[in-house]
Protein chains: 2
Amino acid sequence: MSTPSDPSSDASVPASIVEQGVLGENQWEEIGYRGPQVCAIVGITYRQLDYWARTELLRPSLCDAQGSGSKRRYSYLDLVALKVIKNLLDAGVSLKTARKAIDYLREHLGEDLATASLVIDENKSVLARNGEDIFDLVRHGQGVLNIVPLGSVVRQIDAGITELHPSDLVASLEERDAAQIDPQAGLGS
Amino acid sequence: MSTPSDPSSDASVPASIVEQGVLGENQWEEIGYRGPQVCAIVGITYRQLDYWARTELLRPSLCDAQGSGSKRRYSYLDLVALKVIKNLLDAGVSLKTARKAIDYLREHLGEDLATASLVIDENKSVLARNGEDIFDLVRHGQGVLNIVPLGSVVRQIDAGITELHPSDLVASLEERDAAQIDPQAGLGS
DNA sequence: GCTCGTAACTACGAGAGTGTGATCCGGACC
DNA sequence: GGTCCGGATCACACTCTCGTAGTTACGAGC
């Protein structure tokens, strides 16, 4: 992290192809984000990312590590999940609880993320689609609730990507569109 | 905890006086709840209660320990605060975050607890008086929110006291009335 | 005044979640 | 094919939050 290299030169795919958005399906495994990049974007240490991958909290979905010298490859949705974990930690939520939340979130990452909030209960997690849903959960819930606004998470990730690797944003936007994420949408009143 | 003793006999104040509610001001230091009782009511281990007292998370407000053989005395409001901590832990919130929340809560324990919810942000804690307040916090908040419904906390404590020490409830109700707590009140729609 | 029960105190240790630094290894470049 | 660089791996240690077990001391009852 002391000497940030050119993102288009150390990627295995020519920058021109990335910028033109003409990637084939099988080439996705060649791009994505590597460990140190992920740390910078999400705002965590490499030690944390490594530990989380080893303990199965979140392994890179594009390409996992296979011995020294190999390279982990994280997808855009991995970044979102990692940022959710980071935000939960910042809010004082234990990694143990974050594990359960992420297990749930992974199964619903294809849904509309920006308008939803992740609501974590003692026992289970729920995706609340709007303010009404949250209001109901608060009124009927007996215990403590943890609420993660996913829209701001997506915005934080995009800001991190733009800041560090402007050229990579094109590929990320493709994946994000495929996941139906709209960072401009709010919670809706 | 293996041999629960008679609560009216091991208290320093005759049960009749407690039941009649004719205690003087200075006699409050003689009653309250001792360590093992607190553990049973709140649902924590003695080791936790001890650790929390030593690390200044929550010390007994009626009488602190002063060497082996002495006895800690916890007030009813101490029980409420301890149960808030317990609920936060069950929700996966770290003790470190709980510390900050309790620091804030202690300064507002005199307010109407049952209709309020404790809302914990990355940086600060707030007492939300009704559903509208929570709704606003969720809508305008950028990060993760932890919400503790205090009404249910009070109900949990009362249930614990009633189950273990029916005769002690009278004194507790006095203190609770003084603190303007109404366990029947909900959040209010 | 002696015993006894209870509860606070002390010591040791375990497990999670990291920080730090050394080491290893694969691929690019010469 | 040797070197270099980036990144994965490993070893060690540290803090926090307790669990377990043994010790100490206060107060009540005989």
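Labels below follow one simple rule: chain letters A, B, ... track the order of the sequence lines, proteins then strands, and each chain is numbered from 1.
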Among [options], which is the nearest nucleotide to the side chain of [X]?
X       : options                : value
A:Tyr51 : C:dA16, C:dT10, D:dG7  : C:dA16
A:Arg99 : C:dG17, D:dT9, D:dC18  : C:dG17
B:Ser68 : D:dT17, D:dA25, C:dT18 : D:dA25

OP1 or OP2 of [N] less than 4.0 angstrom from a side-chain nitrogen or oxygen of [X], does that happen here?
X       : N      : result
B:Trp52 : D:dC18 : yes
B:Arg72 : C:dC9  : yes
A:Ser94 : C:dA16 : no

Using atom [atom1] of [X] as one end and atom [atom2] of [N] as the other, report the distance to the nearest whole Å.
X       : N      : atom1 : atom2 : result
A:Asp50 : C:dT20 : CG    : P     : 15 Å
A:Arg59 : D:dT9  : CZ    : P     : 10 Å
B:Gln66 : D:dG27 : CD    : P     : 10 Å
A:Ile85 : C:dA16 : CD1   : P     : 17 Å
A:Arg73 : D:dA8  : CZ    : P     : 9 Å
A:Tyr33 : D:dA8  : OH    : P     : 16 Å
A:Tyr46 : C:dG21 : OH    : C1'   : 14 Å
B:Gln48 : D:dG19 : CD    : C1'   : 10 Å

#### Entry: B:Leu89 and B:Gln48, any side-chain heavy atoms less than 4.5 Å apart
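Counting from C-beta outward, B:Gln48 and B:Leu89 do come under 4.5 Å.
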### Message
Within the 4.5 Å heavy-atom criterion, are B:Tyr33 and B:Val42 side-chain neighbours or not?
### Response
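Not touching, per the 4.5 Å side-chain cut-off.
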### Nearest heavy-atom neighbours spanning A:Ile157 and A:Leu79
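Closest approach of A:Ile157 to A:Leu79, heavy atoms only: CD1-O, 3.4 Å.
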### Task
Can you run down the ring-ring contact (aromatic ring centres under 6.0 Å, His included) pairs that involve residues 91-125 of chain B, sequence neighbours left out, and say none if there aren't any?
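Residue pairs with at least one partner in residues 91-125 of chain B: B:Tyr104-B:His108.
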### Message
Please say yes or no: joined through hydrophobic side-chain contacts below 4.5 Å, possibly via intermediate residues, are B:Val126 and B:Leu150 part of one cluster?
### Response
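They do not share one cluster, since no chain of ILVMFWY contacts under 4.5 Å joins B:Val126 to B:Leu150.
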Under 3.5 Å, which donor-acceptor pairs do the side chains of residues 91-100 of chain A form with other protein atoms, sequence neighbours left out?
| from | atom 1 | to | atom 2 | distance (Å) |
| --- | --- | --- | --- | --- |
| A:Ser94 | OG | A:Thr97 | N | 3.3 |
| A:Ser94 | OG | A:Thr97 | OG1 | 3.2 |
| A:Ser94 | OG | B:Gly92 | O | 3.2 |
| A:Arg99 | NH1 | A:Thr55 | O | 3.0 |
| A:Arg99 | NH1 | A:Thr55 | OG1 | 3.4 |
| A:Arg99 | NH2 | A:Thr55 | OG1 | 3.3 |

Using a cutoff of under 3.5 Å, can you pull out all pairs of nitrogen or oxygen atoms linking the protein to nucleotides 11-13 of chain D, with atom names and distances?
none

#### Entry: Intermediate values then yes/no, side-chain hydrogen bond (donor to acceptor under 3.5 Å, both in side chains), B:Glu122 and A:Asn87
CA-CA 9 Å; B:Glu122 246 101 317; A:Asn87 284 358; 5.9 Å; no
### Message
Please classify the nucleic acid contact of B:Arg54 as base, sugar-phosphate, or nothing, using heavy-atom distances under 4.0 Å.
### Response
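The answer is base, as B:Arg54 lies within the cut-off (heavy atoms under 4.0 Å) of a base atom.
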### Query
When the nearest nucleotide of DNA chain D is assigned to B:Lys96 and to B:Ser70 on a heavy-atom basis, which residue is associated with the more 5' position?
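With B:Lys96 and B:Ser70 compared, the 5'-side residue is B:Lys96.
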